[in-house]
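Comments concern the structure below.
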Amino acid sequence: VFRSMDKGLSFGPAQNVSNTAAFSSKPKIAASGASVYVAWVESVSSPASGSDIYFVSSSDSGLGYSASKNLSNTNGISTAVTLGADGLNVWMAWSDRVTGNDEISFVHSADSGANFGLILNLSNNTSKSTDPSVIGKGNRVCLTWSDIPQGDTKSDIFLVSSTDAG
């Protein structure tokens, strides 16, 4: 992560926020006020082909970051993470292949990422659900994803929304 305090004219040195020996990829970043949030996909050694979603937060405009948290923590493949933030709310979603097909998992924090609620399966179907995107403002949050029904070659776009922060 690079930090700029002059609207992008210059940047400080890069910070390694994943800081592991594992393969970390597909980072996403969100900010609200002085809070900065980073999520990414990280390979896990057991099972060898698995991956999980990790998260760090900063409350001081990116000077320092929390220890990383494994938010998906499954025996499957978690990928395609997205995140959004507004005020104290942090919303995350990702594609999770635990049940044999890809599902959209969603989790919400109401305290700037210090704690997260239960993981919800928003797609909950036998289709291939991928490519989530989340955005929120105040207590309203919207999430989209693409869904390919079994035996079909075209995908549909689904949208869910919440007025209680998810």
Side-chain angles (χ1 to χ4, degrees), residues 1-98 102-120 122 129-146 160 162 165-166:
V1 174
F2 287 98
R3 179 175 179 264
S4 175
M5 295 301 290
D6 57 9
K7 300 181 183 177
L9 293 174
S10 63
F11 289 87
Q15 298 177 60
N16 183 350
V17 296
S18 63
N19 203 25
T20 68
F23 184 77
S24 303
S25 64
K26 302 177 184 172
K28 301 296 183 203
I29 191 167
S32 181
S35 296
V36 181
Y37 309 100
V38 181
W40 67 92
V41 176
E42 188 161 301
S43 299
V44 294
S45 58
S46 178
S49 62
S51 57
D52 280 323
I53 303 301
Y54 280 77
F55 170 85
V56 294
S57 63
S58 171
S59 60
D60 58 9
S61 299
L63 283 173
Y65 286 86
S66 66
S68 64
K69 297 177 186 180
N70 181 343
L71 293 183
S72 59
N73 202 22
T74 68
N75 289 326
I77 299 171
S78 302
T79 190
V81 65
T82 182
L83 79 156
D86 186 54
L88 299 177
N89 290 311
V90 179
W91 303 281
M92 292 182 59
W94 60 89
S95 181
D96 221 346
R97 185 179 303 156
V98 177
D102 295 307
E103 300 285 0
I104 300 301
S105 295
F106 170 83
V107 70
H108 168 245
S109 171
D111 57 8
S112 299
N115 300 286
F116 284 88
L118 295 175
I119 297 172
L120 303 176
L122 295 183
S129 304
T130 61
D131 304 319
S133 182
V134 66
I135 190 165
K137 184 73 174 165
N139 284 330
R140 181 156 179 89
V141 59
C142 297
L143 188 123
T144 62
W145 69 90
S146 63
V160 293
S162 170

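Both backbone and side-chain heavy atoms feed into the values below; hydrogens, waters and symmetry mates do not.
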**Report entry** Approximate separation, where rounding is to 0.5 Å, of His108 NE2 and Ser162 OG
**Finding:** 8.5 Å

Query raised in the report: Under 3.5 Å, is there a donor-acceptor pair between the side chain of Ser66 and the main chain of Val56?
Result: no

**Report entry** Which residues share a salt bridge (Lys or Arg N to Asp or Glu O under 4.0 Å) with Lys69, sequence neighbours left out
**Finding:** none

Query raised in the report: Can you name the closest pair of heavy atoms from Asp131 and Ala80 and give their distance?
Result: N-CB, 4.4 Å

Requested in this report: Answer yes or no: is there a side-chain heavy-atom contact under 4.5 Å between Trp94 and Asp52?
Outcome: no

Requested in this report: Using distance alone, with no hydrogens and no angle criterion, decide if Ser18 and Asn16 have a side-chain donor and acceptor under 3.5 Å apart.
Outcome: yes

Query raised in the report: Under 3.5 Å, is there a donor-acceptor pair between the side chain of Ser109 and the main chain of Asn115?
Result: yes

Report task. State whether the number of non-hydrogen atoms from other residues, nucleotides or ligands found under 6.0 Å of Leu122 atom CG is greater than 12. Result -> yes

Requested in this report: For residues Ile104 and Leu143, determine if any side-chain heavy atom of one lies less than 4.5 Å from a side-chain heavy atom of the other.
Outcome: yes

Requested in this report: Could you tell me whether the side chain of Met92 reaches within less than 4.5 Å of the side chain of Ile53, counting heavy atoms only?
Outcome: yes

Query raised in the report: Are Lys28 and Trp40 side-chain neighbours, meaning at least one heavy-atom pair lies under 4.5 Å?
Result: no

Query raised in the report: For Leu118 and Val107, which heavy atoms make the closest approach, and how far apart are they?
Result: O-CG2, 4.1 Å

Requested in this report: Report the residues that fulfil ring-ring contact (aromatic ring centres under 6.0 Å, His included) with Phe116, sequence neighbours left out, ordered by chain and then residue number.
Outcome: Phe55

Query raised in the report: With a 4.5 Å heavy-atom cut-off, do Tyr54 and Val38 have their side chains touching?
Result: no

Query raised in the report: So, the side chain of Arg3 versus the backbone of Phe11: is there a donor-acceptor pair under 3.5 Å, distance only?
Result: no

Query - Any donor-acceptor N/O pair, Asp86 side chain to Val90 backbone, under 3.5 Å - result: no

Query raised in the report: Could you give the distance from CG (Leu71) to OG (Ser78), rounded to the nearest 0.5 Å?
Result: 10.0 Å

Query raised in the report: Is a side-chain donor-acceptor pair under 3.5 Å present for Thr130 with Asp102?
Result: no

Query raised in the report: Is it true that atom CZ of Phe23 has more than 12 heavy atoms of other residues, nucleotides or ligands lying nearer than 6.0 Å?
Result: no

Requested in this report: To the nearest 0.5 Å, tell me how far Ser57 OG sits from Leu83 CG.
Outcome: 11.0 Å

Query raised in the report: Is any side-chain heavy atom of Ser51 closer than 4.5 Å to a side-chain heavy atom of Glu42?
Result: no

Query raised in the report: Under the 3.5 angstrom rule, does the side chain of Ser32 hit a backbone N or O of Gly87 as a donor-acceptor pair?
Result: yes

Report task. Consider only side-chain N and O atoms of Asn89 and Trp91, and report whether a donor and an acceptor are under 3.5 Å apart. Result -> no

